[in-house]
Amino acid sequence: MSTVLISGASVAGLTLAYWLRERGFDATVVERAPAPRPGGQAIDVRGVALDVLERMGLLDEARAARTRMRGMSMHDGEGNELWRSTEMTYSGGRMDSGDIELLREDLTALLHRSVDGRAAFLFGTSLTALDQRPDGVAAVFADGTCRTFDHVVGADGLHSGVRRLVFGPESDHLHHLGAHVAVFSTDNFAGLDNWQVWSQGEDASYCLYPVRDNTELRATLGFMAGPLDYDHRDTEQQRTLLAARLSTLGGDTPKLLEAMRTAPDFYFDAMAQVRMDHWTRGRVALVGDAGYCSSPLSGQGTSLALTGAYVLADELGGTADDFGAAFARYERRMRPFVALNQALATENLGQGASEESLERAKNALELDAEGV
């Protein structure tokens with residue numbers, strides 16, 4: 001049985017582990033965190049990615065876990081309401097759509113349960129070196145141990161360690177989109193009832209929406225700026241930076257920034273895309289954000305992760321020994337799908353992506369197509 005080491009236990013990595021087991025591979029998942037990571041914003045599953053969940057037997061549970069927004073309102077930087085809608089939200093799209101919006105941690109929990117006991121997990125450690133050899137890849141872990149696998153897949157996000165070890169410095173592949181975003185959870189101090197609130201200033205904004213039967217808020221804060229010099233592991237520095245950028249906004253901003261200071265799941269990063277000529281090298285491949293992050297501005301990152309993992313496993317499972325040909329088909333099938341979905345982010349930086357663009361991106365790939 002061929003062995004595959006997957007770095008990253010989020011959407012792409014867990015989905016890949018499931019489908020590799022379905023196709024007869026022995027999958028091991030390594031994750032730096034001590035368990036699947038909690039927190040995160042509401043994410044969307046759309047188009048062909050819904051078919052992936054259905055084939056995993058998870059679609060009904062994902063629908064049951066979806067958010068229950070009744071609509072949204074847009075406010076200016078002073079906190080004055082400009083307009084409202086009961087037909088759509090910025091985060092989830094049209095209310096009458098068949099797409100699913102759910103919390104990232106809820107989807108991750110579903111995926112982890114589906115593969116728990118069918119794949120091996122190494123939590124609380126990470127990869128420090130990869131040495132490709134004719135008979136496999138020697139993987140060195142943070143504790144100094146070394147194991148050899150037939151293949152290694154980086155499913156470890158925007159700042160992928162596997163990508164850095166095999167494809168070179170992060171700066172060679174990241175394309176900054178001129179914005180930064182933070183996400184965290186807090187109690188529902190705004191008293192929102194399945195209602196999403198946006199506040200938009202000149203170069204900063206935030207979104208609040210309730211989850212967990214309106215007992216909790218998820219907050220997404222952002223501001224426009226080019227690359228910034230800060231420590232990616234210093235959350236206090238990031239909080240201070242964010243507070244300064246959003247201090248000019250009115251409304252619930254003071255309460256929001258106060259809650260940010262003590263949020264246990266605070267996350268901050270640049271809006272960026274990963275753009276690469278190749279997602280595979282030798283016996284190593286990248287999937288999801290590690291290889292083709294589209295950024296939250298596209299609304300399609302989760303769908304790319306689910307679909308990319310399915311296609312990669314499908315191609316590896318369809319070729320007994322020629323993994324090079326399998327990797328080539330994976331790239332050939334995914335390239336058009338990735339290109340259309342990454343284009344959504346740049347449209348959203350302008351006037352917003354059109355419904356036609358979103359539909360085209362959602363449906364640009366058939367799971368069972370050959371030679372796409």
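Because the structure is a prediction, the values reported are computed rather than measured. As a basis for the values below, the full set of heavy atoms in this structure was taken, side chains included, without hydrogen atoms, waters or symmetry mates.
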Task: From Leu217, Asp252, Asn214, residue fulfilling side chain to side chain contact (heavy atoms under 4.5 Å, CB included) relative to Leu192 - done: Leu217
Validation row: [X], [Y] side chains within 4.5 angstrom (heavy atoms):
X: Ser114; Y: Leu58; answer: yes
X: Met334; Y: Leu312; answer: no
X: Leu367; Y: Val52; answer: yes

Task: Geometric class of the Phe223/Phe268 ring pair [parallel <30°, tilted 30-60°, perpendicular >60°] - done: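 Parallel, since the angle between the ring planes stays under 30°.
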- [ ] Using the six-membered ring wherever Trp is involved, compare the ring planes of Tyr230 and His232 and label them parallel, tilted or perpendicular (cut-offs 30° and 60°).
- [x] tilted
Give a yes or no on whether [X] atom [atom1] has more than 12 heavy-atom contacts from other residues, nucleotides or ligands under 6.0 Å away.
X: Glu202; atom1: CD; answer: no
X: Glu258; atom1: CD; answer: no
X: Asp277; atom1: CG; answer: no
X: Arg23; atom1: CZ; answer: yes

Open item on the list: Which heavy atom of Gly40 sits nearest to which heavy atom of Arg218, and what is that distance?
Closed with: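 Looking at all heavy atoms of both residues, the closest pair is O-NH1, 2.6 Å.
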TODO: Quick one: closest heavy-atom pair of Leu177 and Ala272, and the distance?
DONE: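 Closest pair (atom of Leu177, atom of Ala272, distance): CG-CA, 4.1 Å.
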Out of curiosity, [X] [atom1] to [Y] [atom2], how far, rounded to the nearest 0.5 Å?
X: Asp51; Y: Leu306; atom1: CG; atom2: CG; value: 11.0 Å
X: Asp76; Y: Leu249; atom1: CG; atom2: CG; value: 9.5 Å
X: His180; Y: Leu221; atom1: NE2; atom2: CG; value: 14.0 Å
X: Arg66; Y: Asp99; atom1: CZ; atom2: CG; value: 8.0 Å
X: Tyr292; Y: Met276; atom1: OH; atom2: CE; value: 11.5 Å

Can you check whether [Y]'s main-chain N or O pairs, donor with acceptor, with [X]'s side chain at less than 3.5 Å?
X: Glu331; Y: Trp279; result: yes
X: Arg281; Y: Val166; result: yes
X: Arg46; Y: Glu101; result: no
X: Glu31; Y: Ala9; result: yes
X: Gln238; Y: Asp231; result: yes
X: Arg104; Y: Gly39; result: yes

- [ ] Sequence neighbours left out, what passes ring-ring contact (aromatic ring centres under 6.0 Å, His included) with Tyr310? Give chain and number order.
- [x] Trp19
Task: Between Ser73 and Trp195, a side-chain donor and acceptor under 3.5 Å - done: yes
Open item on the list: Within the 3.5 Å criterion, strictly below it, is a donor on Asp213 or Thr215 matched to an acceptor on the partner's side chain?
Closed with: no
Could you tell me whether [X] and [Y] make a salt bridge, using a distance below 4.0 angstrom between a side-chain N and a carboxylate O?
X: Glu236; Y: Arg239; value: yes
X: Arg283; Y: Asp135; value: no
X: Arg55; Y: Glu22; value: no

TODO: Show the numbers, then the answer: is there a side chain to side chain contact (heavy atoms under 4.5 Å, CB included) between Asp106 and Arg212?
DONE: CA-CA 11 Å; Asp106 288 347; Arg212 309 290 185 225; 2.8 Å; yes
Task: Distance flag, aromatic centroids of Phe25 and His151, threshold under 6.0 Å - done: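 Between His151 and Phe25, the centre distance exceeds or equals 6.0 Å.
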- [ ] Report whether Val284 and Leu165 are members of the same hydrophobic cluster (ILVMFWY, side-chain heavy atoms less than 4.5 Å apart, transitive linking).
- [x]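 Yes.
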Open item on the list: Does Ser185 form a side chain to side chain donor-acceptor pair (under 3.5 Å) with Asp265? I'd like the steps, not just the answer.
Closed with: CA-CA 7 Å; Ser185 61; Asp265 56 353; 2.6 Å; yes
Donor-acceptor contacts under 3.5 Å from residues 155-163 side chains, at least two apart:
| from | atom 1 | to | atom 2 | distance (Å) |
| --- | --- | --- | --- | --- |
| Asp156 | OD1 | Ser160 | OG | 2.5 |
| Asp156 | OD2 | Ser7 | OG | 3.3 |
| Asp156 | OD2 | Ser160 | OG | 3.3 |
| Asp156 | OD2 | Gly161 | N | 3.0 |
| Asp156 | OD2 | Val162 | N | 3.1 |
| His159 | ND1 | Glu170 | OE1 | 2.9 |
| His159 | ND1 | Glu170 | OE2 | 3.0 |
| His159 | NE2 | Asp269 | OD1 | 3.2 |
| His159 | NE2 | Asp269 | OD2 | 2.6 |
| Ser160 | OG | Val162 | N | 3.3 |
| Ser160 | OG | Arg163 | N | 2.9 |
| Arg163 | NH1 | Leu158 | O | 3.1 |
| Arg163 | NH1 | Ala290 | O | 2.8 |
| Arg163 | NH2 | Leu158 | O | 2.6 |

